[in-house]
Undergrad: 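If you scroll down you'll find the structure; I have some questions about it.
Note on naming: letters A, B, ... go to the chains in the order of the sequence lines (proteins, then strands), and numbering restarts at 1 for each one.
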Amino acid sequence: MNAPLPTRTTALSSNGTELTGAEILWEVLVREGVEVVFGYPGGAIMPAYDAMARYPIHHVLTRHEQGASHMADGYARASGKVGVAVATSGPGATNLVTGIATAMLDSIPLVCITGQVPSFLIGSDAFQETDITGVTLPITKHNYLVTRPEELVPMLREAFYVATSGRPGPVVVDITKDAQQKSCVFEWDDTPIELPGYRPEHHALPADLAKAVEMIDAAERPVVLAGHGIVKAQATEELLAFVEKADVPVASTLLGLGGMPATHPRSLGMMGMHGESWVNEAIQQADLLIALGMRFDDRVTGNLKTYGQNAKKIHVELDPAEINKNVKVDLPIVGDVKEVLQQLLPSLEAKQRTPWVEHIDGLKGESAVRDIQAMPDEGRLYAAHVIHDLWRLTSGDALIVTDVGQHQMWEAQYYKHDHPRKLLTSGGLGTMGFALPAAIGARFAKPDDEIWVIAGDGGFQMTAPELTTLLQEGVKVNVAIINNGYLGMVRQWQEFFYGGRYVATPMVSPDFVKLAEAHGLKGLRVTERAGVEPAYREAQAHPGAVVIDFRVEQEDAVYPMVASGRDLNDMIRRPERKGAPHNPIFETGED
Amino acid sequence: MEKRTFVVHVEDKPGVLNRVASLFRRRAWNIDSLNVGTTHEPGVSRMTIVCHADSCMATRIEANLYKQVNVLRVDDITEHARVQRNLALIKVAAGPKERPHVLQILEAVGARAVDLGPDSLVAEITGPQDEIERLASVLEPFGILEMVQTGLVAMTRAAERPQLRKVRAA
Ligand SMILES: Cc1ncc(C[n+]2csc(CCOP(=O)(O)OP(=O)(O)O)c2C)c(N)n1
Ligand SMILES: [Mg+2]
């Protein structure tokens with residue numbers, strides 16, 4: 001039922017042809033390899049839409065422009081290619097903003113095309129005029145205002161180049177209506193782009209590489225901190241070779257999950273605020289932290305004063321502006337993480353660090369070795385079970401798109417990702433409403449993957465109208481709503497830090513089964529563990545999209561938790577609740 | 001944190017000043033002074049930015065400036081021997097009676113009057129910030145009607161050559 005994408009055709013017009021700006025836009029996009037765009041029309045972008053029909057580009061009509069930017073983002077994350085969103089001027093453009101900021105913080109390559117009022121009206125507060133290049137200046141890697149059709153070829157080519165090169169990011173190209181309508185002679189230019197002030201590439205200095213090898217060889221308790229950079233640089237193979245030769249355990253950031261196969265014996269799991277206790281302990285006890293393509297976000301460091309205080313630190317990172325931003329490091333190496341790993345590998349001493357590895361295994365305690373399947377659920381439905389079962393029934397190989405909240409953290413803890421680009425989640429911005437549209441975007445990148453959205457009842461409602469986009473496109477994405485009746489993550493903070501006053505977090509939801517049906521899709525409801533597997537099976541077998549409403553434990557909390565600004569190993573652990581049924585899933589050695 | 005001076009060459013394109021200023025605002029770095037003007041190379045503008053930063057922050061400022069697509073070259077010339085100037089125009093209330101006294105003061109500090117009116121004059125002074133401030137305080141009793149400064153412009157000394165890559169415009 002997944003719609004086939006149009007096969008890529010090459011350029012339609014030859015150089016020297018007189019074309020409108022609108023036609024040139026699509027000529028360039030086709031040549032840049034764009035096959036699908038996500039958008040929403042309106043007055044200032046109508047010439048572009050009118051011309052689009054003549055080009056081999058599939059347009060997905062979203063239900064809100066935020067959906068368009070998230071879909072383009074999901075497409076980009078799943079494929080590694082540029083995602084393209086299209087919107088009209090004013091409200092259309094401002095509706096893209098949340099998705100642009102989401103892409104910016106997670107370094108996702110997007111090109112967002114916006115219509116703008118005619119150039120002679122700019123600055124006059126014309127109907128639907130918003131200074132979108134001004135608005136998006138701090139949340140884009142770069143942006144362009146195009147007022148003449150002649151500027152389209154160079155500026156659009158630059159936009160694609162800037163979005164994808166170096167540390168990727170979103171680029172906005174704002175095109176006035178008259179630039180779309182006017183004509184000029186089309187001159188395609190495929191010489192390599194040279195921007196005088198733009199240096200996307202960096203290479204490690206040999207002396208620094210030698211120093212790194214020395215530090216790694218000398219370390220007794222090293223830990224690799226694997227970030228999104230591993231996924232983006234496609235460096236999984238190099239990371240594995242490094243880890244196996246130097247015998248170093250690997251902790252992952254949220255966006256790094258899948259960059260290191262989760263079931264590998266040296267994979268520790270996720271670090272940080274909701275990292276498992278042994279991961280954060282290992283980081284705090286390490287004598288060397290080898291940070292690979294990560295940026296020491298406050299959600300992974302906790303208190304900076306005590307973070308990794310026993311460790312020397314090597315920071316391999318493509319963006320020089322990240323060096324010494326949050327954590328002062330002993331050895332910065334600015335370069336592509338894949339290339340740096342390749343350069344380090346031959347000189348590294350092959351080692352067994354058995355005592356350190358055994359020590360960490362000891363820290364794992366009971367929790368890691370117990371089979372979650374054997375845990376009694378006492379008739380309750382726990383989110384962790386729902387997610388674990390999905391992992392099991394999809395052989396750990398589905399493409400999972402999560403929203404933001406407790407369910408996102410449980411997914412990170414209980415769905416073991418063995419492959420990169422199989423977990424799409426808004427890490428840096430933490431954008432609720434991301435999951436459904438991002439999953440629809442991912443569908444166009446991965447027509448054959450099994451795709452599941454895992455969303456909270458709150459976040460799902462932010463972009464739920466995109467269910468109709470699924471229907472209109474005739475594509476299948478399954479949705480698991482972890483319905484706890486609360487804005488769960490905020491409720492958890494209220495429970496821990498605000499005296500249990502649940503202000504504005506209990507949330508009424510529509511009947512999600514009926515909602516699915518109203519959108520022409522299948523809806524299912526599960527209220528106990530026994531219903532989980534049959535529901536998944538039914539969803540997998542159904543040809544169309546299915547929404548499952550999992551009514552989970554309402555006041556469950558994500559453990560362990562490092563409160564904001566606390567030391568990384570100062571973790572809130574699951575308390576023994578009197579009278580509460582024992583739920584040992586969360587129990588760790590120390591509890 | 002010490003005062004640091006950055007010389008930033010940028011492409012002369014619309015919005016570039018906005019991008020640089022926005023970068024400082026967004027990162028909560030306070031600019032003490034910023035001057036921008038054209039250079040001998042067509043299409044290239046030069047900024048002198050003075051701000052307070054320690055050496056680690058200075059490296060980050062430099063790296064973040066380089067991330068701007070339109071920034072061509074960044075030199076932190078704080079540690080270099082350099083010439084730096086600020087130009088101020090000061091409109092002083094000075095009628096025929098006070099005028100000789102004011103002119104005397106200007107001459108004594110190497111400033112000059114660039115315009116005379118019936119009961120005021122415009123003084124011009126070029127120099128480091130503290131000299132300008134000293135003159136302003138001496139002129140204060142006469143009554144300062146208006147004052148404007150260019151902000152610091154700086155250049156390394158003649159013997160120093162820019163050590164980074166050559167500036168090229170698009
Ligand atoms: C757009 C947006 N608004 C607000 C927040 C703050 N926030 C973070 S988690 C959360 C609760 C999410 O609730 P739900 O979607 O039901 O997921 P749960 O935590 O219950 O799993 C909120 C409100 C956010 N991250 N994004
Ligand atoms: Mg919820």
Undergrad: Looking at A/Asn324 and B/Cys56, what are the two nearest heavy atoms and their distance?
TA: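 Closest approach of A/Asn324 to B/Cys56, heavy atoms only: CB-SG, 3.8 Å.
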
Undergrad: Between B/Arg19 and chain A, with a heavy-atom cut-off of 4.5 Å, which part of the residue counts as in contact: side chain, backbone, both or neither?
TA: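 The answer is both parts of B/Arg19.
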
Undergrad: Side chain, backbone, both or neither: which part of B/Val69 has a non-hydrogen atom closer than 4.5 Å to chain A?
TA: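 Both parts, backbone and side chain.
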
Undergrad: Using side-chain heavy atoms (C-beta onward) and a distance below 4.5 Å, is B/Asn18 in contact with A/Leu137?
TA: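 Yes, close enough: below the 4.5 Å cut-off.
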
Undergrad: To the nearest 0.5 Å, tell me how far B/Lys67 NZ sits from A/Lys141 NZ.
TA: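 Nearest 0.5 Å value for the NZ-NZ distance: 8.5 Å.
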
Undergrad: Check the surroundings of atom CG in B/Asp130: do more than 12 heavy atoms from other residues, nucleotides or ligands lie under 6.0 Å from it?
TA: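 Atom CG in B/Asp130 is crowded, with more than 12 foreign heavy atoms closer than 6.0 Å.
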
Undergrad: Take atom CD of A/Glu187 as the centre, draw a 6.0 Å sphere, and report whether it contains more than 12 heavy atoms from other residues, nucleotides or ligands.
TA: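 Above 12, so yes.
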
Undergrad: If you count every heavy atom of other residues, nucleotides or ligands that lies below 6.0 Å from A/Glu201 atom CD, does the total exceed 12?
TA: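 At most 12 heavy atoms, drawn from other residues, nucleotides or ligands, come within 6.0 Å of this atom.
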
Undergrad: Sub-4.5 Å heavy-atom contacts with chain B: which residues of residues 142-165 of chain A show up?
TA: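 When heavy atoms of chain B are the reference, residues 142-165 of chain A contributes A/His142, A/Asn143, A/Val162 within the under-4.5 Å range.
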
Undergrad: Say you draw a straight line from CD1 of A/Ile323 to OG1 of B/Thr59; how long is it, rounded to the nearest 0.5 Å?
TA: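 Answer rounded to 0.5 Å: 10.5 Å.
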
Undergrad: Give the minimum heavy-atom separation between A/Ala321 and B/Arg60, together with the two atoms involved.
TA: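 Looking at all heavy atoms of both residues, the closest pair is O-NE, 4.2 Å.
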
Undergrad: If you count every heavy atom of other residues, nucleotides or ligands that lies below 6.0 Å from B/Met155 atom CE, does the total exceed 12?
TA: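 12 or below, so no.
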
Undergrad: Hey, could you give me each pair passing ring pair (Phe, Tyr, Trp, His ring centres under 6.0 Å) that has a residue in residues 11-33 of chain B? Not counting sequence neighbours.
TA: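 Pairs touching residues 11-33 of chain B that pass the test: B/Phe24-B/Trp29.
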
Undergrad: Which atom pair, heavy atoms only, marks the closest approach of A/Gly197 to B/Leu72?
TA: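 Between these two residues, the closest heavy atoms are N-CD2, 3.7 Å.
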
Undergrad: Might you confirm whether atom NZ of A/Lys328 has over 12 heavy atoms from other residues, nucleotides or ligands at distances under 6.0 Å?
TA: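 Count over threshold, so yes.
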
